[in-house]
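Not measured: the values here are computed from a predicted model.
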Amino acid sequence: MKKVVAMVSALSISCILFGCDSTSKFPASKVTPDTLPAQVSMSDLTANQDVMIEYQKDDPEQIAMITGKFSDIQVQNEQDAACVIASMANVLGIKDVSQEILFVDRQDVKGQSLTAYTFRQFYENVPVMSEVLKVMVDQFGTPTILMNGYHAMDTFDVAPAVDRKAIKKLVKDKYKSSTDGEPEPGISFAFHGGQPVLVWYADIKDSVVRSVYVDAASGEILYANGPIDD
């Protein structure tokens with residue numbers, strides 16, 4: 001196995017390839033693999049000279065990306081792609097693929113002969129917004145890249161202290177506008193040193209600030225997509 005010295009963020013790589021675009025909707029669906037796959041072990045990967053592993057920049061023990069021939073599963077649809085992730089569950093630390101990993105979409109990678117199957121982690125039915133998992137396959141359906149945006153969480157409170165009504169009022173008071181659709185809850189690892197934070201995400205109508213992420217515990221605006229007057 002070859003280990004890449006430069007450790008990278010799976011989210012950063014995803015942004016480079018596909019672009020990062022905030023949205024107030026996080027559609028996803030449960031996909032059940034047609035068969036229960038055998039587990040790939042870390043020793044399987046380390047013994048394979050054609051496999052490279054990169055690690056998270058802020059967590060050297062957490063896999064960010066696997067490239068090469070890491071799976072023998074041929075992928076023709078989202079069920080097959082889910083099967084690839086299920087086979088890597090022990091390596092990635094995923095506790096329950098069927099409940100936590102939901103299918104988002106399938107897209108051709110622009111400028112490359114690759115198809116990307118995107119999955120999102122959900123924790124107690126709340127989406128993890130900051131990162132995704134991607135299984136990329138070549139024109140023959142052979143997996144060549146696995147991007148890991150999974151975060152293990154033993155216990156995490158998904159009950160917001162600040163409710164949706166308060167978020168709508170905050171937007172109205174601060175930006176003199178209304179939310180575009182209902183604010184939606186999510187979990188992000190992007191704001192407090194890689195620790196999970198329950199947030200409200202809201203799109204905004206008729207404002208130079210297009211969207212905001214608000215701490216669901218304190219009501220503090222963590223990020224505004226556009227100019228902001230503090």
Side-chain angles (χ1 to χ4, degrees), residues 9-12 14-15 18-32 78 82 85 94-107 116-134 147 149-230:
S9 161
L11 176 60
S12 298
S14 178
C15 289
F18 305 101
C20 290
D21 183 23
S22 296
T23 174
S24 62
K25 302 295 182 183
F26 301 93
S29 58
K30 289 187 178 180
V31 173
T32 303
E78 57 266 32
I85 293 177
I94 301 175
K95 296 178 181 179
D96 189 341
V97 173
S98 65
Q99 297 299 316
E100 295 182 275
I101 308 301
L102 277 66
F103 175 68
V104 176
D105 63 24
R106 168 182 173 168
Q107 294 183 0
Y117 293 83
T118 300
F119 295 80
R120 185 178 299 281
Q121 178 185 358
F122 279 70
Y123 179 83
E124 296 188 8
N125 297 317
V126 177
V128 176
M129 301 186 303
S130 46
E131 298 185 43
V132 293
L133 298 90
K134 288 182 182 288
M147 293 181 177
Y150 178 81
H151 294 268
M153 290 184 286
D154 292 326
T155 57
F156 184 76
D157 188 1
V158 295
V162 178
D163 63 17
R164 183 179 276 109
K165 183 177 180 180
I167 301 303
K168 296 174 77 171
K169 183 178 185 301
L170 181 151
V171 168
K172 183 177 181 180
D173 291 346
K174 188 168 186 65
Y175 303 110
K176 313 306 178 187
S177 183
S178 61
T179 60
D180 188 1
E182 291 295 306
E184 297 188 23
I187 299 167
S188 178
F189 287 78
F191 299 112
H192 289 317
Q195 296 303 307
V197 180
L198 184 67
V199 301
W200 286 104
Y201 172 83
D203 281 323
I204 303 176
K205 291 181 178 179
D206 305 321
S207 172
V208 292
V209 175
R210 297 182 296 276
S211 59
V212 291
Y213 292 84
V214 182
D215 191 316
S218 66
E220 173 191 1
I221 295 175
L222 299 172
Y223 177 77
N225 185 15
I228 180 170
D229 295 323
D230 292 322

Quick one: are [X] and [Y] in side-chain contact, heavy atoms under 4.5 Å?
X    : Y    : result
R164 : P185 : yes
F122 : K30  : no
V132 : V104 : no
M153 : Q121 : yes

Exam field: side chain [X] to backbone [Y], donor-acceptor pair closer than 3.5 Å:
X    : Y    : answer
Y123 : I187 : no
R120 : V128 : yes
S177 : I204 : no
W200 : V162 : yes

Candidate list I167, L222, D215, test side chain to side chain contact (heavy atoms under 4.5 Å, CB included), partner V199, passing option: L222
Heavy atoms of other groups near K95 NZ, more than 12 under 6.0 Å: yes
Whether over 12 other heavy atoms sit under 6.0 Å from N125 CG: no
Stepwise side chain to side chain donor-acceptor pair (under 3.5 Å) check, E131 with H151: CA-CA 9 Å; E131 298 185 43; H151 294 268; 3.2 Å; yes
Approximate separation, where rounding is to 0.5 Å, of F103 CZ and L133 CG: 13.0 Å
Under-4.0 Å salt bridge between E78 and R106: no
Evaluation steps, side-chain contact (heavy atoms from CB on, under 4.5 Å), between I85 and Y117: CA-CA 11 Å; I85 293 177; Y117 293 83; over 6 Å; no
